[in-house]
Amino acid sequence: AQRVTQPEKLLSVFKGAPVELKCNYSYSGSPELFWYVQYSRQRLQLLLRHISRESIKGFTADLNKGETSFHLKKPFAQEEDSAMYYCALKRPNKLIFGTGTLLAVQP
Amino acid sequence: DGGITQSPKYLFRKEGQNVTLSCEQNLNHDAMYWYRQDPGQGLRLIYYSQIVNDFQKGDIAEGYSVSREKKESFPLTVTSAQKNPTAFYLCASSTDRVDTGELFFGEGSRLTVL
């Protein structure tokens with residue numbers, strides 16, 4: 001079955017510490033993966049897409065086909081990074097989302 | 001203000017009643033979606049529509065119905081057949097270029113069944 005797994009419901013780090021939000025996927029084809037973010041009182045929005053190989057707000061994510069992973073990383077967390085993060089897999093005409101990880105950055 | 005508008009933001013319903021959630025977009029997007037967001041379960045797809053007058057069931061369509069009579073509108077009806085309707089509902093839209101993978105979301109509607 002096509003599935004996106006985010007094993008951590010909550011990740012708490014201190015400001016300035018490195019962050020890694022884990023995402024694993026189950027899909028036999030060539031995956032297209034995305035990270036979405038929802039800040040407090042804001043709409044869910046696209047953060048980055050793996051195909052662009054971009055860095056947004058200091059975050060990067062590398063697709064590892066061998067490990068079927070697409071972890072989101074940032075070397076130095078900021079308090080404003082606190083939010084809910086969702087990993088998503090693109091399928092025909094829709095996105096499949098993971099269960100989300102709440103990132104809490106402590107001062 | 002461009003984007004997706006969902007209404008109402010909060011809705012209370014008695015058991016056995018149907019309720020309709022509104023979703024309107026002025027982005028000229030062809031595709032629209034309804035997701036349900038529950039704690040610990042992430043976003044689950046209810047229905048989606050790629051074009052006017054056409055829609056498909058998502059992963060959890062039972063107890064829900066939709067219509068797509070206009071490009072701008074994609075209302076969701078939560079029927080009395082939905083066993084656990086209390087949830088946060090998100091509407092989204094995207095261009096016909098599905099390769100972008102970018103969905104634009106509304107602010108959501110929280111439905112509580114009393």
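What you see is a predicted model, and the numbers here were worked out from it, not measured in a lab. In what follows, chains are A, B, ... by sequence order, proteins preceding strands, each numbered from 1.
Within a 6.0 Å radius of CZ in A:F76, no more than 12 heavy atoms belonging to other residues, nucleotides or ligands are found. The environment of NZ in A:K73 is sparse: at most 12 heavy-atom neighbours from other residues, nucleotides or ligands sit within 6.0 Å. The 12-atom threshold is not exceeded at CD of B:E62, counting heavy atoms of other residues, nucleotides or ligands nearer than 6.0 Å. Around CD of B:E69, the count of heavy atoms belonging to other residues, nucleotides or ligands within 6.0 Å does not exceed 12.
Heavy atoms closer than 4.5 Å to chain B are found nowhere in A:Q6, neither backbone nor side chain. Looking at B:F104, there are no atoms closer than 4.5 Å to chain A (heavy atoms on both sides), in backbone or side chain. For a residue to count as touching a neighbouring chain, one of its non-hydrogen atoms must lie under 4.5 Å from one of that chain's; by this rule B:D38 does not touch chain A. Residue contact with chain A, scored on non-hydrogen atoms closer than 4.5 Å, involves the side chain of B:L45 exclusively. Residue contact with chain A, scored on non-hydrogen atoms closer than 4.5 Å, involves the side chain of B:Q37 exclusively. Only the backbone of B:Q41 comes within contact range of chain A, with at least one heavy atom under 4.5 Å from a heavy atom of that chain.
Going from atom CG of B:L103 over to atom CZ of A:F97 covers 5.5 Å, rounded to the nearest 0.5 Å. Atom CG in A:L95 sits 10.0 Å away from atom CG in B:L43 (nearest 0.5 Å).
Minimum interatomic distance between B:Y33 and A:K94 (heavy atoms only, all atoms of both residues): CE2-CA, 4.2 Å. Closest approach of A:Y36 and B:E102 over heavy atoms only: OH-CA, 3.3 Å.
Taking hydrophobic clusters as Ile, Leu, Val, Met, Phe, Trp and Tyr residues chained together by side-chain heavy-atom distances below 4.5 Å, A:V37 does not share a cluster with A:L46. No continuous path of ILVMFWY side-chain contacts below 4.5 Å connects B:L76 to A:L44, so the two sit in separate hydrophobic clusters. Follow the hydrophobic side-chain contacts under 4.5 Å out from B:I46 and you reach B:L21 in the same cluster.
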